[in-house]
Amino acid sequence: MIRQQLAWFDPARIGHSGQCFRFAPLPEGGGWGLTARGRRLCIRPDGDGFLFDCTPEEWETVWYPYFDLDTDYEAFAAAVNPRDAYMTAAVACAAGVRILRQDPWETTVAFILSQQSNIPRITRNLEAVCRAYGAPFADREGNIWYDIPTPAALAAASEEELRALGLGYRAPYLRAAAARIAAGQPDLASLAAMPYKKAHAALLTLPGVGVKVADCVCLFGLHKLDAFPIDTHIRQMLDAHYKRGFPMRRYKGFAGVLQQYAFYYELYGGKT
DNA sequence: TCTGGACCTCG
DNA sequence: GAGGTCCAG
């Protein structure tokens with residue numbers, strides 16, 4: 001168990017932000033639990049800081065990088081045009097949200113499942129897939145959790161089995177994409193080293209992955225902060241507030257972070 | 001290149 | 001109808 005005081009870190013907002021789907025309130029309340037990188041982590045508020053139930057070594061090598069704590073998000077917030085009332089409000093609403101360094105394969109699975117869906121359902125579907133095909137592991141208290149299935153494990157599943165989990169027409173997409181990744185076409189590990197546009201183009205070749213999903217994988221799984229996924233919420237936001245176009249030049253290098261803040265603001269703006 | 005309809009469930 | 005993709009025309 002370790003304690004940390006962290007700038008720009010709000011687990012509740014991160015958990016609701018729609019970038020990750022295995023990040024949920026603890027049943028006893030007051031904290032958050034997440035499954036990632038083949039591990040389980042609990043986060044509990046503690047005064048002006050947080051308690052993390054991991055070793056200092058795990059913190060340094062796994063969770064500190066996962067939460068992208070080396071990146072200065074306050075600097076991104078400060079770079080927002082003060083005359084842009086909409087983005088100023090969005091950033092204030094989403095303060096504390098970071099772009100997690102999630103696994104590219106996990107984000108590929110999650111966002112293939114995300115089409116024509118919503119956060120509660122994506123969460124349910126992803127959990128079902130992990131329980132059915134993922135490797136179980138125990139936390140330090142002996143509770144069993146399930147990792148994201150390997151590409152090979154999902155490729156070996158039948159469409160019928162996947163449909164039985166409630167995936168609907170996404171089942172054949174997921175299965176086919178898993179087969180492609182298992183064959184190394186494309187090799188997800190090598191995408192991280194590519195520039196955003198090349199990585200995006202490679203992801204577009206996957207079945208069930210269009211422009212929007214590829215951008216989500218780029219932003220959330222490959223940490224390409226230039227990626228700017230446009231879904232219906234962001235589309236409406238752009239039409240309403242940026243009729244002359246979003247200032248991509250001004251925000252080059254981190255436009256995707258602001259996209260995430262706008263997205264959060266669109267979803268929860270009235271209620272936080 | 002661009003537009004429209006189908007697609008599985010479920011809140 | 002939904003935080004989208006695919007295929008036909």
Side-chain angles (χ1 to χ4, degrees), chain A residues 13-25 86-87 90 93-94 97 99-100 102 106-133 154 157-181 185-186 197 199-222 224-225 227-242 246 255-272:
Chain A
R13 290 179 178 174
I14 292 171
H16 282 132
S17 68
Q19 63 176 300
C20 53
F21 303 97
R22 308 196 76 197
F23 200 127
Y86 176 83
M87 191 54 69
C93 177
V97 173
I99 307 296
L100 303 176
Q102 299 186 78
E106 172 167 350
T107 52
T108 301
V109 174
F111 287 97
I112 284 175
L113 297 182
S114 77
Q115 61 177 106
Q116 291 291 104
S117 188
N118 50 60
I119 294 173
R121 184 178 175 199
I122 300 163
T123 302
R124 233 181 13 255
N125 286 346
L126 186 60
E127 214 50 46
V129 165
C130 291
R131 291 181 61 92
Y133 301 100
L154 275 188
S158 71
E159 180 180 329
E160 291 67 33
E161 289 169 337
L162 292 173
R163 280 182 181 268
L165 299 180
L167 308 194
Y169 60 83
R170 304 161 195 83
Y173 294 149
L174 182 60
R175 187 174 179 282
R180 289 274 309 280
I181 299 300
Q185 298 177 345
K197 281 186 174 177
H200 189 263
L203 289 166
L204 275 181
T205 67
L206 289 171
V209 176
V211 170
K212 189 270 181 182
V213 169
D215 271 322
C216 287
V217 175
C218 282
L219 181 57
F220 303 128
L222 298 170
K224 306 294 184 196
L225 300 187
F228 195 96
I230 299 178
D231 53 37
T232 57
H233 288 133
I234 293 296
R235 180 78 270 157
Q236 287 177 22
M237 179 281 289
L238 292 174
D239 291 345
H241 302 284
Y242 297 95
F246 191 79
V257 177
L258 299 184
Q259 181 276 352
Q260 182 67 176
Y261 294 162
F263 180 77
Y264 187 92
Y265 188 45
E266 291 296 308
L267 251 58
Y268 306 110
K271 329 163 197 170
T272 43

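Lettering of chains follows the sequences in order, A, B, ..., and the numbering in each one begins at 1. Hydrogens, waters and symmetry mates play no part in the numbers below; they use all other heavy atoms, side chains included. Note that the structure is a prediction, hence the values are computed from the model and not measured.
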Once you round it to whole Å, what is the distance between [atom2] of [N] and [atom1] of [X]?
{"X": "Phe111(A)", "N": "dG4(C)", "atom1": "CZ", "atom2": "P", "value": "11 Å"}
{"X": "Ile122(A)", "N": "dG4(C)", "atom1": "CD1", "atom2": "C1'", "value": "11 Å"}
{"X": "Lys212(A)", "N": "dA2(C)", "atom1": "NZ", "atom2": "C1'", "value": "12 Å"}
{"X": "Tyr169(A)", "N": "dG5(B)", "atom1": "OH", "atom2": "C1'", "value": "13 Å"}
{"X": "Gln115(A)", "N": "dA6(B)", "atom1": "CD", "atom2": "P", "value": "17 Å"}
{"X": "Asn118(A)", "N": "dC8(B)", "atom1": "CG", "atom2": "P", "value": "18 Å"}
{"X": "Arg170(A)", "N": "dA2(C)", "atom1": "CZ", "atom2": "P", "value": "14 Å"}

Could you give the distance from [atom1] ([X]) to [atom2] ([Y]), rounded to the nearest 0.5 Å?
{"X": "Lys197(A)", "Y": "Lys224(A)", "atom1": "NZ", "atom2": "NZ", "value": "14.0 Å"}
{"X": "Met237(A)", "Y": "Ile230(A)", "atom1": "CE", "atom2": "CD1", "value": "8.0 Å"}
{"X": "Leu174(A)", "Y": "Glu159(A)", "atom1": "CG", "atom2": "CD", "value": "11.0 Å"}

### Selection: residues 159-168 of chain A, any non-hydrogen atom under 4.0 Å of DNA chain B
Arg163(A), Gly168(A)
### Message
Within residues 228-238 of chain A, which residues have any heavy atom lying less than 4.0 Å from an atom of DNA chain B?
### Response
none
### Message
Regarding Pro207(A), tell me which of base, sugar-phosphate or nothing describes its non-hydrogen contacts under 4.0 Å with the strands shown.
### Response
sugar-phosphate
### Task
Assign each of Phe220(A) and Leu206(A) to its nearest nucleotide of DNA chain C by heavy atoms, then name whichever residue's nucleotide is nearer the 5' end.
Phe220(A)
### Query
Is any side-chain nitrogen or oxygen of Arg124(A) closer than 4.0 Å to OP1 or OP2 of dG11(B)?
yes
### Criterion ring-ring contact (aromatic ring centres under 6.0 Å, His included) against Phe228(A), the qualifying member of Phe263(A), Phe246(A), Tyr242(A)
Phe246(A)
Taking the side chain as everything from C-beta on, heavy atoms only, tell me whether [X] gets closer than 4.5 Å to [Y].
{"X": "Arg170(A)", "Y": "Gln116(A)", "result": "yes"}
{"X": "Cys130(A)", "Y": "Arg22(A)", "result": "yes"}
{"X": "Glu106(A)", "Y": "Cys20(A)", "result": "no"}

### Query
Which residue lies toward the 5' end of DNA chain B, Gln116(A) or Pro120(A), if each is placed at its nearest nucleotide?
Gln116(A)
### Message
Testing the basics here: between Arg163(A) and Ala171(A), what is the closest heavy-atom pair and its distance to 0.1 Å?
### Response
CG-CB, 3.7 Å
### Query
Shortest non-hydrogen contact from Leu219(A) to Pro229(A)?
CD2-CD, 3.8 Å
### Task
Treat a base pair as Watson-Crick or G-U wobble with both distances under 3.5 Å, then lay out DNA chain C in dot-bracket form, 5' to 3', with | for cross-strand pairs.
||.||||||
#### Entry: Span that lies between the P atom of dA8(C) and that of dC8(B), in whole angstrom
15 Å
#### Entry: Ring center gap for Tyr265(A) and Tyr261(A) short of 6.0 angstrom
no
### Query
Are the ring centres of Phe111(A) and Phe21(A) closer than 6.0 Å?
yes
#### Entry: Note: Asp239(A)-Arg235(A) ion pair, threshold 4.0 Å (strictly below)
yes
### Message
Counting distance alone, no hydrogens or angles: does the base of dT9(B) have a donor or acceptor under 3.5 Å from a partner atom on the side chain of Arg121(A)?
### Response
yes
